[in-house]
Structures are given as C-alpha cells and as structure tokens.
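Okay, structure first, notes after.
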Amino acid sequence: MKTALTLIISLVTVAWGWDVLVTGTPSGGAPLWVLRHEALYLSGLLAIALMSVAMFLATRPTWLEAPLGGMDRVYRTHKWAGILACAFAAAHWLIEMSSDILKALIGREGRVPKENYGGFLEVLRDLAEDLGEWAIYALLAMLAITLWQRFPYRMWRFLHRAMPLLYLMLAFHALLLAPTDYWTQPVGTLLALLIAGGVYGSVLALAGRIGRSRQVCGSVIALDHPAGDLLAVRCRLDAGWPGHRPGQFAFVGFGDGEGQHPFTIASANRGDREITFQIKALGDYTRQLARRLAVGQPLRVEGPYGRFDIGRQQRGAQQIWVAGGIGITPFLAWLEALQGRAADVPTADLHYCTRDRDGDPFVARLEALSERLPSIRLHVHDARQGQQLGADELAANHDRARPAEVWFCGPQGLADSLRGRLQELWQSRLRFHQEAFVMR
C-alpha cells in the first residue's frame, strides 16, 4: 500500500517538476506569489491524482490483487488514497485562501497574472471553480465522518454514495483550471490518464455496476447458532459461481437494504456451490442478522476475493498459523480443504486464541480436523486460564536460523504485538501475512 501510494505521489511530483523545469515559473512575479502559485498547482494535482486512484480502486479490480497482496490491501489503498486526497485538497484550499495574507504582508505587486480566456470557456472555468470549492467542503465533511468510527455504518454508506458525484465535480474543476501548457507536457498526459480511471470508477459506481460480473445469486439453506454471538450461514449458490480457494472471502448481500458486507468463506470448495459463513456479532448489522435471516432467504454473493490462500505458502519455510476469535474461519477452510490430501499437508503449528476454551464452538471442530492431519499441531490458548500468546513463545518452538512464515487472522492489537517482536527475532527471514480488510 505505502509503496503504491508513494509511487503515485512521486510520479505526479516529478511530472509537475518537469513542467516547471521546462516552461519555467511565471515571469515578473514576486517570489512568495510564485511559490503560492506553484504550490497551488502541485497540491491540486496530488489531490485529484489520489482521488482518481481511490475511485478506480473502488471498482475492485481483481488484476491488482496479486501486485497489492489481495483485495483487502486494494481496499486499504483505496481508503488511504482517499484520506491523502482530502489532506491535499485541504492544503489546496488553504493555499488558495492565503492570497489575503500575502496581500496584507507584501501587497498586490508581483501577483502572478491569470491566464485570460473569453466567451463560453471563461463561463465554464468560473463554474468549475465554484464546483471545486463546494466539492472540497463536502469532501472534508465526508473525511470527518469516515474517521469517526462511531458514526452509523448504514448512514455512512448512504452518504458515501455521493463520492462519485463529488469526484466528477473535482475532475471538472481540475480539467478546466489546469494550466494550458500542461496538455503539451507529461504532467498533462498523466493527469488525463488518472482522471480517465477516476471517471470510469465513478460512472461504474453511479450505474451500480461495481462487481456485477462477479455476483451470483443463491439462497440460505441452513442456519445454526453454535454460540450466542455466532451465526453459521450455509448457502447454495446458482450456476456461475467459480468456486473459491481456502481462505478467500466474498461480499454478501442478504437483500435487506444494507448492501454488501465482506465475510470469510469458512468452508472448503467441494464443487457443489455450497459455502458457509461463520458470522460473529461484532456490530449493529451482524448483531441483527440472526433475527433477520431465514432458511430459503435469497442472497447475492460477489467474489471470491483475497490472497489469504494456503496455496501461496513459501516452500521450505516454517509454517506458523495464528488465529484470534472469529479469525479462525480461513483456517477452518484450510483444514477442510486438506482432508484426504496427505501429499499437500504442510508441517505447521496452528495457534488459536480464544476467550474461553470450554465455551468456544470452534475448538471441537479444530481438534477433529487436526486429528486427521498429523503434521498440523494445534495449540489452543485460553485467555480465561491466563494463556496469552506472545511472540517469544512462538519463537521458542521454532528454529530462528530458518525462514518462517506467519499467517495471521484476528484482532489488530494481537497482530501488532506479534509482528514487531517476531520480525526482530527472525529479521529478514520472516514473512507475515495478515488479512486486513475493513469497509471504512
């Protein structure tokens, strides 16, 4: 994620710098006015570039899963591209407002002259300026709502639908107010490509076509409550479901007006188009699902997505699998998929962290599946008994001179506590895989 966003920012900055180098800065302008002039353009370029990336990534392009590390990483890049775009948009607005300060400090002398247009083009430019200003205000409000995690998801999702319209307003602003010389320089080509990608994403979103080609209808065929806060939903999908790899997830819509939510597929692919989701009551939506769903209810599944795939294991590396709470679901699919495939079963340690082993609905299932896979060593850590999993404990049972691979799915706090220390112990010989999907 960081690499991709850094690359976009660097490309835009280099293209802007090349334009400044080739065409020069405005002549006759005072240094502070020239500095404001160029900072205004650079901040605007970075804002529209990152917003374009965010809009394109919202289309869920599967071909980017491999380079970015999975659809969860695609969405994370989408989120941070949007946040950075808002930050640069805010800087752009503040730089625009700084003219009054400069007038007070050094006067109007030395101001950079504006490009002169006439007729209908000047009318369009005035409109683009106004639309851009109002879009920035709405964008900053949306950023505040997004970062305020207590804001209700359903309302956030409803407001988020306005993003394609806001983007189109900003794209119109950027295209009309960009300097004329940009269109004869690499910066203009880059800007046009980015805006084309952003417009494509916006139109797809407004038409409700995102992910449509990967959506399959189906119905709920069984519901189970293995624990008070856990709901197991077994579904049968219509023809067209391509199957899934163990560890992947899908977006699921139950036709209740809430839209689609991501859930890990907790069963192996048996070729019968039946999949199971283990859904824990972690928020308003998931807490209400138990009373909303019924056998026979239609649903729509989009996917599969994700790279948390047992087939991507590094050969020769020590396998350390760590799950916390509902994060055990991809490993359930892994263990199911390995049944009867002795040649494919790796040697691995599976650590499952639970609050209460005796009341945990997954422990018995894990024990049964692991018993038939002798090279999988199951370790259950019961928090109620004070059994807290730590990085040093994990490392104590493995050879730190050999490469190791950690597959983690669980709470972010546990991931943070393990990752840093394990990387210290193994240094460059450790790979840490984590499903990092969030909707906002």
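All of these numbers come straight from a predicted model, not from anything done at the bench. The basis for the numbers below is simple: all heavy atoms, side chains too, and nothing from hydrogens, waters or symmetry mates.
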Crowding at CZ, Arg384 (>12 non-hydrogen neighbours, <6.0 Å): no
Taking Gly243's backbone N and O only, do any of them form a donor-acceptor pair with Asn269's side chain (distance below 3.5 Å, no angle check)? no
Please confirm whether the backbone N or O of Tyr352 pairs with a side-chain atom of His381, one donor and one acceptor, at under 3.5 Å? no
Candidate list Gln318, Gln319, Arg377, test side chain to side chain donor-acceptor pair (under 3.5 Å), partner Asp349, passing option: Arg377
Verify side chain to side chain contact (heavy atoms under 4.5 Å, CB included) between Arg76 and Asp72, making sure each step is shown before the conclusion. CA-CA 6 Å; Arg76 203 170 183 180; Asp72 57 323; over 6 Å; no
Closer than 3.5 angstrom, by distance alone: can the side chain of Arg312 be matched with the main-chain N or O of Arg307 as a donor-acceptor pair? yes
Donor-acceptor check, side chain of Gln339 to backbone of Leu335, threshold 3.5 angstrom: yes or no? yes
Of all heavy-atom pairs linking Val252 and Phe254, the shortest is CG1-CZ, 3.6 Å
Heavy-atom count check: over 12 atoms from other residues, nucleotides or ligands less than 6.0 Å from Arg287 CZ? yes
Is the CZ atom of Arg315 crowded by more than 12 outside heavy atoms at less than 6.0 Å? no
Could you measure the distance from the CG atom of Leu231 to the CG atom of Leu293? Nearest 0.5 Å is fine. 6.0 Å
To the closest 0.5 Å, what do you measure between CD1 (Ile326) and CG (Leu332)? 8.5 Å
Selection residues 43-58 - residue pairs positive for side-chain hydrogen bond (donor to acceptor under 3.5 Å, both in side chains), sequence neighbours left out: Ser43-His92, Ser52-Tyr167
Show the nearest heavy-atom pair for residues Leu338 and Leu373, with the distance to one decimal. O-CD2, 3.7 Å
For Ile275 and Ser267, which heavy atoms make the closest approach, and how far apart are they? CA-OG, 3.5 Å
Does the side chain of Thr264 reach to within under 4.5 Å of the side chain of Phe277, using non-hydrogen atoms? no
Does atom CZ of Arg236 have more than 12 heavy-atom neighbours from other groups under 6.0 Å away? no
Specify the closest pair of heavy atoms between Gln278 and Ala266, including all atoms of both residues, with the distance to one decimal. CG-CB, 3.7 Å
Atom pair CH2/CZ of Trp426 and Arg402 - distance to nearest 0.5 Å: 10.0 Å
For the residue pair Gln385 and Arg357, establish whether any side-chain heavy-atom pair is separated by less than 4.5 Å. no
Taking ring-ring contact (aromatic ring centres under 6.0 Å, His included) as the test, write out the residues that go with Trp334, two or more places apart. Phe308, Trp321, Phe331, Trp407
Please indicate whether Trp18 has more than 12 foreign heavy atoms, meaning atoms of other residues, nucleotides or ligands, lying under 6.0 Å from its CH2. no
Evaluate the criterion side chain to side chain contact (heavy atoms under 4.5 Å, CB included) for residue pair Leu414 and Ser417; output intermediate values, then yes/no. CA-CA 5 Å; Leu414 179 59; Ser417 69; 3.8 Å; yes
Do Cys235 and Val301 have side chains that approach each other closer than 4.5 Å (heavy atoms only, starting at C-beta)? no
Using a 3.5 Å distance criterion without hydrogens, assess whether the side chain of Ser375 forms a donor-acceptor pair with backbone atoms of Pro346. yes
Steps toward side-chain hydrogen bond (donor to acceptor under 3.5 Å, both in side chains) verdict (Arg419, Gln434): CA-CA 10 Å; Arg419 183 198 295 263; Gln434 180 187 1; 2.9 Å; yes
Judged by atom type as modelled, is there a donor-acceptor pair below 3.5 Å linking the side chain of Gln313 to the main-chain atoms of Ile310? yes
If we ignore hydrogens and angles and just use 3.5 Å, is the side chain of His78 paired with the main-chain N or O of Ala54 as donor and acceptor? yes
In sequence, state the C-alpha distance, the side-chain angles, and the governing distance for Thr329 and Phe263, and then conclude on side chain to side chain contact (heavy atoms under 4.5 Å, CB included). CA-CA 9 Å; Thr329 49; Phe263 298 110; over 6 Å; no
CG of Leu170 to CD1 of Ile136, rounded to nearest 0.5 Å, is 6.0 Å
Enumerate, atom names and distances included, each donor-acceptor pair closer than 3.5 Å involving a side-chain atom of residues 185-214, sequence neighbours excluded.
residue, atom, partner, partner atom, Å
Ser202, OG, Gly198, O, 2.9
Arg212, NH2, Gly208, O, 2.6
Arg214, NH2, Pro304, O, 2.7

Show, in sequence, the C-alpha distance, side-chain angles and deciding distance for Leu139 and Met51, and conclude whether the side chain to side chain contact (heavy atoms under 4.5 Å, CB included) test is met. CA-CA 10 Å; Leu139 200 64; Met51 185 58 67; 3.5 Å; yes
Looking only at heavy atoms, which two atoms of Ala178 and Tyr182 are closest? And how far apart? CB-CD2, 4.0 Å
Between Asp19 and Tyr41, is a side-chain hydrogen bond (donor to acceptor under 3.5 Å, both in side chains) present by the stated rule, with each step listed? CA-CA 11 Å; Asp19 177 76; Tyr41 284 141; over 6 Å; no
Report yes if the side chains of Trp80 and Ile83 come closer than 4.5 Å at any heavy-atom pair, otherwise no. yes
With rounding to the nearest 0.5 Å, note down the distance linking CG in Leu430 to CG in Leu422. 6.0 Å
Quick one: salt bridge (Lys or Arg N to Asp or Glu O under 4.0 Å) pairs with a partner in residues 320-338, sequence neighbours left out? Arg270-Glu336, Glu336-Arg365
Quick check: does any side chain N or O of Gln260 sit under 3.5 Å from a backbone N or O of Gly253, one acting as donor and the other as acceptor? no
Enumerate donor-acceptor pairs with a distance under 3.5 Å from any side-chain N or O in residues 218-229 to protein atoms, sequence neighbours excluded.
none

Gap separating the CG atom of Leu418 from the CG atom of Asp392, nearest 0.5 angstrom: 10.0 Å
Those residues that, when tested against Ser10, pass side-chain contact (heavy atoms from CB on, under 4.5 Å) (two or more places apart): Thr6
Under the 3.5 angstrom rule, does the side chain of Arg429 hit a backbone N or O of Ala404 as a donor-acceptor pair? no
On a heavy-atom basis, which atom in Val380 and which in Gln387 lie closest, and how many Å separate them? O-OE1, 3.5 Å
